[in-house]
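Here is the structure we will look at.
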Amino acid sequence: MGEKLFIGPRLRLLRQSRGWKLEACAAQLGLSASYLSQIEANQRPVTARVLIDVMRVFEVDAASLDAADDQRLIADLREATADAPVGGPMGSDPPALSEIKAAVANTPNLAKAYLDLHRAYRRLDERLKATEEAVSLDERGAASALLPYEEVRDFFHYKNNYIHSLDVAAETLATEIGGGGERALEAYLADRLGVRVVRGDEPDLLRHWDAASRTVTIGAAHPEATRSFQLAYQIAALTLPDIVEAELSAAGFRSDSAAKVCRTGLLNYAAGALVLPYERFREAARAARHDIERLALSFQTSLEQVFHRLSTLQRPGARGVPFYFVRLDRAGNITKRHSATRLQFARFGGACPLWNVHDAFARPDAWLVQLAQMPDAVRYVCIARGVVKPSGAYRQAERRYALGLGCEAAYADQLVYADGLDLAGPSAPIGVSCRICERDDCSQRAFPPVDRAFEVFEDDRRWVPFSLRP
C-alpha cells in the first residue's frame, strides 16, 4: 500500500494566492467545503482523483505538491531545536520528532521563522567566538569565514540545487556553442567574445581572468575536463551576469562576503549546466541507466561533474531521478552536499560512519554500492567512489575526496549499479549523524543524540559506553 499523501498547507497556500474562499475552491475541485477544510488541516489525505483535480485547477505538477521541502525543514528544525540553549528554556527537553513534524505540516511559516531565529543565533554565536579568538591571538581583523558559506549552502539547499533561470540560459548557450569540449569552448571565446585563451604552468592555477587584455589563463597541468569547466565558467561570467545578479538580488544575502561566495557558486552552476546541458544530459543519463563513467566519457567531463549534475535534475515537468550528492575530504568534512531525496544531511557534526562513502578513501579505484536504510525505514541505493585530483607537481600534495550519490530504492531499476543487488535482502542501518540519530542499537555510535537522555553503567562496559533512555 502506498504512503498517504497530505498536502494541506500547500493546498491552502495555492488557494489563498488566488484569493479564493474555501467554498469557491471546493466547488472548483468538486468537493464539499467541509471535506476541503479537512484536507487543508491535514486531517485527511488526498485521493488520486483529488490530486489530479488539484493539478488541473491550479496548473501545477505533482512534484510541486510533494513533501521534499517538508523533509528538509524537518531535518533542519530538528537540529535547531536540539541545539541548546535555543532548543528551549534551560533544563527543558527539546520537542519530540512527532511535534516537529506536526509543526512543519500545520504551521510551516512559523517553523521557518523559528529556523531563521536559530540561524541568527548561530551567526551571533560564531561572531562572538571569532571575536574572542581574535582577542586571544591579538588578531583584531579575524572573522569567521564559515558563516557566508553556510548562508550560501542554505540558499542552494532550499532552491533544491536547481536554478531555473541559469539552467535554461546555459542550455540555450550550449546549443549555440555546439559542444562542451575544450576546443569548442575556446573557439567560442575567441570568435564570439574576443577572448584569448592561454595556458599557464603554475600547479595550483585553475583560471585567471585579465579584463584589460581580455585574456583568460587556465592551468595546463589539469585534466581536459577541468580546463573545459573553467572555460565554461568564463563564458558564463561574460554572457550571463544579468541573470546571476538578479538571483543574488532576490536572495538578499546579509553580507557582501556571502554574495561573493554565491556569485561564484552560481557561475559554477552555470558552467556545469553549459558542459552538461539539461535535457540532453537527462536523456543520456536515462538511456545509460545513470552509468557515471559512460556519461563522463560521452560528455568529456569528470566523474565529479557528473555526480553533481545528476543531483540537479529537478526542472519542473522534466525531473530526473531524485539523488543526493555529497563530497567528503579525508577528515570527514562535508565540502559539498545536496539532497533531492528524503535523506537530509546534518548541519553540525560528522556523517554516519556506517555509510559506504567513508570506505571510498581506502578503495579509490572501486565503485562501492550499498543498500542502506535510514531510521525512518526509507531505503537507499548508495554509490560511492574515491577520486584523486593530481597536484601537477611533486612537492604539491594531491587532493583526495570521496564522492557519494544515492537515491531511494524505489528507483533501483533505473540504476546500473543496482543490478545484482538483493533489494529484498538485508540493508545496512545508517543514520544522518550521531548527534540526531534515533537508533538505539548502533555499535558505532560516537556520542548520545542531543535530544535523548542516557545512562552510564560503570560496572557494565559495552562497545558503546552508555545506554539511551526511552
Between the side chains of [X] and [Y], is a donor N or O closer than 3.5 angstrom to an acceptor N or O?
X: Trp367; Y: Glu293; answer: yes
X: Gln373; Y: Tyr380; answer: no
X: Tyr269; Y: Asp167; answer: yes
X: Ser255; Y: Ser257; answer: no
X: Arg315; Y: Tyr162; answer: yes

Rounded to the nearest 0.5 Å, what's the gap from [atom1] on [X] to [atom2] on [Y]? Could you check?
X: Leu166; Y: Glu171; atom1: CG; atom2: CD; result: 12.5 Å
X: Ile383; Y: Cys407; atom1: CD1; atom2: SG; result: 6.5 Å
X: Thr335; Y: Arg153; atom1: OG1; atom2: CZ; result: 7.0 Å
X: Arg445; Y: Cys352; atom1: CZ; atom2: SG; result: 9.5 Å
X: Ile243; Y: Leu248; atom1: CD1; atom2: CG; result: 12.0 Å
X: Leu110; Y: Leu115; atom1: CG; atom2: CG; result: 11.5 Å

- Message: Measuring centre to centre across the rings, with the benzene-like ring taken for any Trp, is His338 within less than 6.0 Å of Phe323?
- Response: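 Between Phe323 and His338, which both carry aromatic rings, the centre distance is not below 6.0 Å.
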- Hey, do the aromatic rings of Phe325 and His308 have their centres closer than 6.0 Å? yes
- Cation over ring, Arg330 on Phe361, under 6.0 Å and within 45°? no
Any donor-acceptor N/O pair, [X] side chain to [Y] backbone, under 3.5 Å:
X: Ser249; Y: Glu245; answer: no
X: Arg337; Y: Arg327; answer: no
X: Thr215; Y: Ser213; answer: yes
X: Tyr417; Y: Cys382; answer: no
X: Ser298; Y: Arg294; answer: no
X: Arg207; Y: Val216; answer: no

So with a 6.0 Å cut-off around [atom1] of [X], is the heavy-atom count from everything else above 12?
X: Asn333; atom1: CG; result: yes
X: Asp201; atom1: CG; result: no
X: Lys336; atom1: NZ; result: yes

Can we say [X] and [Y] salt-bridge, meaning some charged N sits less than 4.0 Å from an Asp/Glu carboxylate O?
X: Glu182; Y: Arg199; value: yes
X: Asp413; Y: Arg289; value: no
X: Glu398; Y: Lys389; value: no
X: Arg286; Y: Glu283; value: yes
X: Glu408; Y: Arg379; value: no
X: Asp359; Y: Arg385; value: no

- What's the verdict on side chain to side chain contact (heavy atoms under 4.5 Å, CB included) for Val357 and Leu403, showing C-alpha distance, side-chain angles and the deciding distance? CA-CA 7 Å; Val357 70; Leu403 307 178; over 6 Å; no
- Item | Trace of the side-chain hydrogen bond (donor to acceptor under 3.5 Å, both in side chains) decision for Glu304 with Tyr401 | CA-CA 10 Å; Glu304 183 175 338; Tyr401 298 100; over 6 Å; no
- Would you mind telling me which of Asn268, Thr301, Leu274 makes a side chain to side chain contact (heavy atoms under 4.5 Å, CB included) with Phe229? Asn268
- Query: Nearest heavy-atom pair of Phe299 and Arg280: which atoms, and what distance?
  - Reply: CE2-NH1, 3.5 Å
- Please report the C-alpha distance between Ser165 and Glu247 in whole Å, then the side-chain angles of each, then the deciding distance to 0.1 Å, and finally whether the side-chain hydrogen bond (donor to acceptor under 3.5 Å, both in side chains) criterion is met. CA-CA 9 Å; Ser165 58; Glu247 291 288 346; 2.7 Å; yes
